Amino acid sequence: MTDLVLDLNAISQAAVESDNTSVDSAGGFVKVPAVAGPALGRIREYVELGRHAPDEAGLAKGYKPAKKGYLIIELLHKRHMQEMGDKLVPHEVKIFFNKGVKATSNYKKLFKAINSATGGNAKTFVDLINKPFKAKVVHNIVGTGDTAKTYVNLENFDGPQRENDEGDLVDIVVPPLVGKVRLFLWENTTLSDDHIKAMWASIQNDGTYIKNEGKDNEEEVSMNWDQERIMTNLDWEDSRTKELVAPDDIDLDEAPDMPEESSKWNDEVTF
């Protein structure tokens with residue numbers, strides 16, 4: 001694939017013509033939870049996965065197909081750095097969402113919270129990528145005993161400032177992102193072909209890994225989770241994205257399932 005520049009400013013200006021999130025509608029190493037408490041962060045990734053049907057649990061609850069996606073926030077305060085091999089990397093908070101259009105949707109509530117914390121001028125989540133803010137890390141513990149899982153959530157988004165000894169607000173320096181920015185908007189009608197190709201390239205993840213290594217059900221699986229999941233969404237076949245980027249020899253029979261997540265920003269706990 002040819003090298004294309006992921007121009008966030010140009011993509012944002014094009015995307016907002018058909019998707020203005022600021023306007024409401026009537027309709028590898030052992031991970032440990034990030035330390036609870038104050039945090040500094042930036043959005044590093046925003047990926048829309050297209051429209052997917054709910055799983056069996058969702059069907060039982062009466063859920064309908066919804067536009068899915070996620071964003072990843074890097075926690076950049078030194079208290080949230082962790083050792084990975086011979087380097088320090090930030091903890092990440094991955095927030096899955098249903099892309100809602102109503103003001104009451106958690107998707108809109110999250111956008112408004114981060115937008116307010118970063119100046120209030122954003123029109124879409126693209127504008128919020130790499131903008132610094134502070135927040136509070138909270139833990140949501142699901143289950144008990146050995147089967148308990150701790151999920152990390154964020155709340156109390158605010159501007160990166162603190163009060164000094166004189167009672168004045170002073171800016172807090174938020175370190176730069178460590179990882180690579182990744183972005184994909186699904187079927188935004190006002191984006192150019194080059195925008196779509198650049199976004200698609202940004203979420204490509206080559207390589208494989210061994211799932212259930214050392215067990216009887218060990219298997220080698222692709223690490224290209226985002227692209228493969230997008231290619232299984234309900235609207236893929238007739239999409240403009242497919243026309244522009246789809247390989248002819250892809251086998252989607254073993255496409256990955258949507259992982260289970262627990263977040264205060266989810267409109268559904270499981271997908």
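Worth saying up front: this structure is predicted, and the values here are computed from it rather than measured.
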Give a yes or no on whether the backbone of [Y] and the side-chain of [X] come within a donor-acceptor separation of less than 3.5 Å.
X    : Y    : answer
Q227 : W200 : yes
N98  : G100 : no
S202 : L183 : yes
H80  : V35  : yes
T118 : I114 : yes
K131 : D127 : yes
N212 : K215 : no
R42  : L128 : no
H139 : A34  : yes
E187 : T241 : yes

More than 12 heavy atoms of other residues, nucleotides or ligands under 6.0 Å from [atom1] of [X]: is that the case?
X    : atom1 : answer
D168 : CG    : yes
D146 : CG    : no
E56  : CD    : no

Under-4.0 Å salt bridge between K136 and D158: no
Are D226 and R182 close enough for a salt bridge, meaning some N to O gap below 4.0 Å?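 Salt bridge flag = yes for R182 with D226.
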Go through K67 and E48 one step at a time and tell me if the salt bridge (Lys or Arg N to Asp or Glu O under 4.0 Å) criterion holds. CA-CA 8 Å; K67 293 179 180 179; E48 296 178 354; over 6 Å; no
Under the criterion side chain to side chain donor-acceptor pair (under 3.5 Å), I'd like the reasoning laid out for D206 against Q204: C-alpha separation, chi angles, the key distance, then a yes or no. CA-CA 6 Å; D206 295 327; Q204 182 171 334; 2.8 Å; yes
Quick check: F111 with F125 (ring centres under 6.0 Å apart)?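 F125 vs F111: aromatic centres under 6.0 Å.
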In terms of relative ring orientation, are W186 and F184 parallel, tilted or perpendicular, with 30° and 60° separating the classes?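 Aromatic pair W186/F184 classed tilted.
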Could you tell me the separation between the [atom1] atom of [X] and the [atom2] atom of [Y], rounded to the nearest 0.5 Å?
X    : Y    : atom1 : atom2 : answer
K180 : E45  : NZ    : CD    : 8.5 Å
T232 : L49  : OG1   : CG    : 8.5 Å
K149 : T144 : NZ    : OG1   : 13.0 Å
M199 : L8   : CE    : CG    : 10.5 Å
M231 : S239 : CE    : OG    : 10.5 Å
K109 : Y107 : NZ    : OH    : 15.0 Å

Passing candidate, side-chain contact (heavy atoms from CB on, under 4.5 Å) with H91, options L76, V32, I73: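 The single option meeting the side-chain contact (heavy atoms from CB on, under 4.5 Å) with H91 is V32.
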Please determine whether salt bridge (Lys or Arg N to Asp or Glu O under 4.0 Å) holds for the pair R162 and D171, giving the CA-CA distance in whole Å, both sets of side-chain angles, and the decisive distance to 0.1 Å. CA-CA 7 Å; R162 66 174 178 82; D171 292 337; over 6 Å; no
Of all heavy-atom pairs between G58 and D55, which one has the smallest distance, and what is that distance?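 Closest pair (atom of G58, atom of D55, distance): N-OD1, 2.7 Å.
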If I compare all heavy atoms of T208 with all of S222, which pair ends up nearest, and what's the gap? CG2-CA, 4.1 Å
Hey, are the side chains of L110 and L71 touching, using non-hydrogen atoms and a 4.5 Å cut-off?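 Answer yes - side chains close enough.
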Is there side-chain contact between I230 and I203, with at least one heavy-atom pair below 4.5 Å?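 Yes, at least one pair of side-chain atoms sits under 4.5 Å.
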Show your reasoning for whether salt bridge (Lys or Arg N to Asp or Glu O under 4.0 Å) applies to R44 and E74. CA-CA 6 Å; R44 188 186 73 211; E74 282 191 2; 2.9 Å; yes
